[in-house]
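Note that the structure is predicted; figures quoted are calculated from it, not measured. Side-chain atoms are counted along with the backbone in the values below, which use heavy atoms only and exclude waters and symmetry mates.
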Amino acid sequence: MNSLKTVGHPTSRIDAQKRVTGTATYTGDLRLPGMLYARVLRSPHPHARIKRIDLSKAQALPGVKTILTHENCDVIWGSGDMRNKRYLFNNPVRFVGDAVAAVAAVDRHTAEEATGLIEVEYEKLPFVLDPEDALKTGAVEIQPGGNLSTNARGQHEPETYRRGNIETGFAAADRVFEDQYSSPHINNAQLEPRVAIAQWDGDHLTVFTPTQGISNCHTEIARDLKLAPEKVRVVCQFMGGGFGNKNQNHDFELMAAILAKNAGAPVKIEFTRKEDFLSVHGRWPTKQYYKIGVRNDGTLTAIQLRGYSGMGPYRKGTGGIAGIEIYQCPHVERMVSPVYTNKAVSANLRGPDYPQGVFGLESLMDDIAASLKMDPLEFRLKNMTRKFQDQTPYTSIGLEDCLRKGAEAFEWKQRWRAPGEKTGPVRRGVGVAMGSFGSNLGRSSAVIDVDSHGMYHVHVGVTDIGTAAKTTMALIAAEELGVGLDKIDLISGDTDRCPYSVGESGSRTTVQTGMAVVQAAKELKEQIAEKGLPPGNDVLTATVNLNPPALNGQARVSFVAHFAEVEIDIEMGHVKVTKYVAAHDSGRVVNPLTAESQVKGGATMGIGMALHEELLYDRASGLPLTAGYYGARIMTHLDTPEVDVLWIQTDDPYGPFGAKTLGEPTIIPSPAAVANAIYNAIGKRVKDLPITRDKVLGVLA
Amino acid sequence: MKISRRKFVEGTGGGLVATTVPLQAQTAAEPPKTTIKITVNGTVHRIEVEDRWTLAEVLRDHLGLTGSKIGCDRGECGACTVLLDGKNVYSCSQLAVWADGRTVQTVEGLAQNGKLDPLQEAFIEHDGPQCGFCTSGQLMSAKALLNRHPHPDRDQVRHAMTGNICRCGNYNHYVESVLAAAGTLSADARRKA
Amino acid sequence: MRSFVNVNPRDWKDAVGKLRQLNAVPAGGGSDLLGMIKEHLVEPDVLVHLKAVKGADVISWMTKPRGMFVGGLVTLEELSSFDPVRKNYTVLAEAAESVATPQIRNVGTLAGNICQRPWCWYYRNGFPCFKAGGKQCFSITGENQFHAIFGGGPSFIVHPSDTAPALLALDAQISIMGPSGTRQVPAAEFFALPSVDAARENVLAKDEVVAAVRLPDAKPNMRSTYNKVMDRETWTHAVVSAAIVLEMDQQVCKSARIVLGGVAPIPWRLPKVEALLAGQRITPELAAQAGELALEGANPLAKNRYKIPLTKAVVRRTLLGLAEKA
């Protein structure tokens, strides 16, 4: 791969100075004149009908300005549910944390006190927590029409994918393996809790909110409040993470806007950490049943998945369970049922369909390799995908190198022994898992101005959730323009000043917005060649709304292989990750410094998913028990091993300088790699995430 | 100890009725206030605070120092870490009145005369912050460590900073940054900018 | 937060007087208290800021009787880094050091740590259980992975303190300050089983505070340690822990004190195991026997059976490790 001037070199974040001096302004840091504070009252029940709400005591509290409930607000939050009507305030309330009222007051203590003075009479309804229970006859109906959420064609049927004929596949197998796995609801748990400020200026609304996508947030706020788009502005200069739960608009942004309108003052609405855990969304819990057919030489003949995803009571996410695409196999059947439950809502969390699906799949593949007495690495090299869904060529594929070179860096051959061979009170084991994630091209926009000083102002609709998107866009612009980074002024995070961007989700920003930046830079260079730099206060502008080129019947995908070593004290059931290598094919890496941070971060998150995190519910009452950083046992400094990153930079002809997706592949194989390492160490498998001490001791007993 | 304000009616079957019991309104009197004297980043402030205000709240909302962040307000994440008389503490879990007569250092007080602290330089060079929300807290815990142990090893750094959560998971780079600032990062790991 | 007034008492008498006010609570480091107020688990009108009491954080050797005086408001950080405590009462230093994080240890106090309310997730999530003054324990038929295997009933919480088992193992005396002055209570009598009063974990009356802890004289041949098992490498309450103090005579254990944390509503002393060890060389076999004996009478719940083999291993290993120390 050819070397470039700016792209591909480790570069500090262009806004790092602000982040390390406390001068980066996050939404919660903003204070506007006359600003009110709002808090939300939430359902303490998993499922209940609201019979009566008495606001009188709350309204009488000095300092309380205005209150919203379902009785005076029937606004629908379109992005909150892609199948059913989801209001800002629903009746019945369908999960612990469902909004019941929003109060705006002169300060947050008054707002909080007011929520405590609202009297609500509930009629408790039966509730159901697990997707399979929700599908049983007699289960309470959470949404009209039944608890199996409809597919894209409006049918109450599982989302299905098939190729070949699954029965033919099993018939062709020498051996058929079956097993089942489960994963819990876990939370994004980004450090910045939810907050939004709404401010009206006449009929013009500005919303300050930490969003991953100012463009879609803007469009959706306008839609839900029935405003003309030009009357809405969304601003986010800095935000403290999201991992998928800060994309699109949110109900509390709409609540803030309506409260502000009613009160005639700006309103800042703030979440507690518990609210952030319960009332936004997290990763859908799953139950996965796999049946896999294989020949004696290890060749796969059939993969079947029957899966169930708990979506909470609103369909905000796909509920998909992915991972099968990483394998080559002629006969595949996947039937996944997204099911309504009365737990917290489920939607996007880093690689939404993937890490839990890869955990289940790679666990069984690992067992199969063991049964056939094959090195699990060899099994994967044999069966890894060569074409997308066995038919569409990839634009580039570095999966084999991820496996081989990753294994080499990890010293796989030296460290691997057959599972369960170890003896002694402390046993080491190694595991591998692979993954893939789409890197599609897509529509995005960029605007670049140049002024008389030769300073380039790059306008992109990014907010930088921590991925260093601002820096990445600046590097891409600098490279294409042929100038140094110091000539780039990046303007982001404001719909008044920035064009459309898809939003920092699906790991699409580098590829899609990056391509728009490249195109805008090309066009600007042409203008400069033609006219020279503009005089005085003039600027030359290139505006690009890029509809990307077709991929010519190819699939564009990033690939990854993670290797984990664990050390298990078998008497204590204590699992410690002692070595970790992450090998990534993301095409050309735009900024190796910040990209490395992404990989280490994703791997760390994956280890936490493997060993610790779960939103546990009390079954009798339907109440959550572990919301919060302590309850979720989020990874700390002392839990985190050294993670080594290996770049397999394939030469991909598409994307900005050949860059492919990066942010989400980083977590995809991580829980599976750790689970496989545990199995390798002790010869026994835990099939329910998280793999906690009691479960390890349980399988060893 | 008072009972939780949620009351559940015992019973079987559907149609159970539950009413949230409202808290007693505290409207009768003004919230108790105290005037405190607190030195923040070298500047002495005399300020009237409500007794219930946390140190984090006073710093952020009343002294304009929003560099310290509130991640959980429960002492479970560390984003609000400041130095109180030189010791790193969760400012969300300290009342402002308890800091009366004492000294506070926040992230805004790290740079001296416009020059960044070596820790801040190292965080930039070694890519400590991703989303940046935990960064102020990580810096203050690191500062407390280096004030006491100017040349820590990797293990000491991890132990000293373990009260600061980073959900972006950038722990490796934070540790590397602190070792670099302390001059104890081994040569082969040193990053070329 | 709900509003309250903070009062700074001058001395212990003043502190106790202020505590007798309606709805007043003591505040030490404040970390746990503020969290509980924010969660509406407690709703005080008055916070009595004990750190204002002069001399409440003194830590020094005593001569009459010989031993160490530790003021109740000594922070966990001070306790764990004070050289005489590290050398002579290692179990207490290690226990203090194992609590939470540096930020919490910098403000958290010894008194606050031993008086800490349970971390049972039912209690902390506002369930109307015994600990909240109610009439039920939700863990019995619920999620009881972390609950008691000894001494439970009618509440099955485990005592959340790390320093408490250490103090018991050291035969410490708790100095309780009340309206009529100080009374000394042996640590073993300070903590109360739920069968005594399910709503409380210790014998403190509403207007009493832990003013100090007195440690008996450290014998030169005494060695001790605290071993804490956590889910996550740090910053969690003990799943199981062991505080062990051994009085050695060359290779022979003259006497032992073994107290477990994380297994019962009070720090759980193991007198039978102590008797087994008295006068014996602690060999791997004897340590294993001790581990087995430690679990005699254990009553696991549906989801915490794993604590049994875990506790055996913790007792065995901690004992052997301590005995084999040079």
query = Relative to chain C, which segment of B:Thr81 carries a heavy atom at a distance below 4.5 Å: side chain, backbone, both, or neither?
reply = side chain

remark   = Shortest non-hydrogen pair, B:Cys92 vs C:Leu34, comes out as O-CD1, 4.3 Å

ask   = Do you know which of C:Glu39, C:Lys51, C:His49 has the most heavy-atom pairs with chain B at a distance under 4.5 angstrom?
value = C:His49

note = So, the part of B:Asp73 with a heavy atom under 4.5 Å from chain C: the answer is both

query = Does the distance from a Lys or Arg side-chain N to an Asp or Glu carboxylate O, for B:Glu76 and C:Arg232, drop under 4.0 Å?
reply = no

remark   = Cut-off 4.5 Å, heavy atoms of chain C, and the answer for B:Val89 is both

inquiry  = How close do C:Met1 and B:Arg52 get, counting heavy atoms only, and between which atoms?
reply    = O-NH1, 2.6 Å

key: chain B contact via C:Val107 - which portion, at a heavy-atom distance below 4.5 Å   = side chain

inquiry  = Applying side chain to side chain contact (heavy atoms under 4.5 Å, CB included) to B:Leu95 and C:Phe4, what does each step give before you reach the verdict?
reply    = CA-CA 11 Å; B:Leu95 293 181; C:Phe4 48 75; 3.6 Å; yes

query = More than 12 foreign heavy atoms under 6.0 Å from NZ of C:Lys206: is that the case here?
reply = yes

ask   = What part of B:Ser141 is in contact with chain C, defined as an atom under 4.5 angstrom from a non-hydrogen atom: side chain, backbone, both or neither?
value = side chain

key: chain C contact via B:Ala144 - which portion, at a heavy-atom distance below 4.5 Å   = neither

Atom pair NZ/OG1 of B:Lys87 and C:Thr75 - distance to nearest 0.5 Å = 5.5 Å

query = Would a 4.5 Å heavy-atom cut-off, applied to side chains only, mark C:Leu47 and B:Trp98 as touching?
reply = yes

message = Please report the interatomic distance OG1(B:Thr34) to CG(C:Asn8), rounded to the nearest 0.5 Å.
response = 8.0 Å

note = Applying a strict 4.5 Å limit to non-hydrogen atoms, the region of B:Gln94 in contact with chain C is both

key: Choice from B:Gly75, B:Gly78, B:Ser93 maximising heavy atom contacts with chain C below 4.5 Å   = B:Ser93

message = Under 4.5 Å from any heavy atom of chain B, what part of C:Glu77 do you find: side chain, backbone, both or neither?
response = side chain

query = If you count heavy-atom pairs under 4.5 Å with chain B, which of C:Gly35, C:Ala199, C:Gly29 comes out on top?
reply = C:Gly29

message = Give the interface residues of residues 97-106 of chain C toward chain B, defined by a heavy-atom separation under 4.5 Å.
response = C:Thr101, C:Pro102, C:Gln103, C:Ile104, C:Asn106

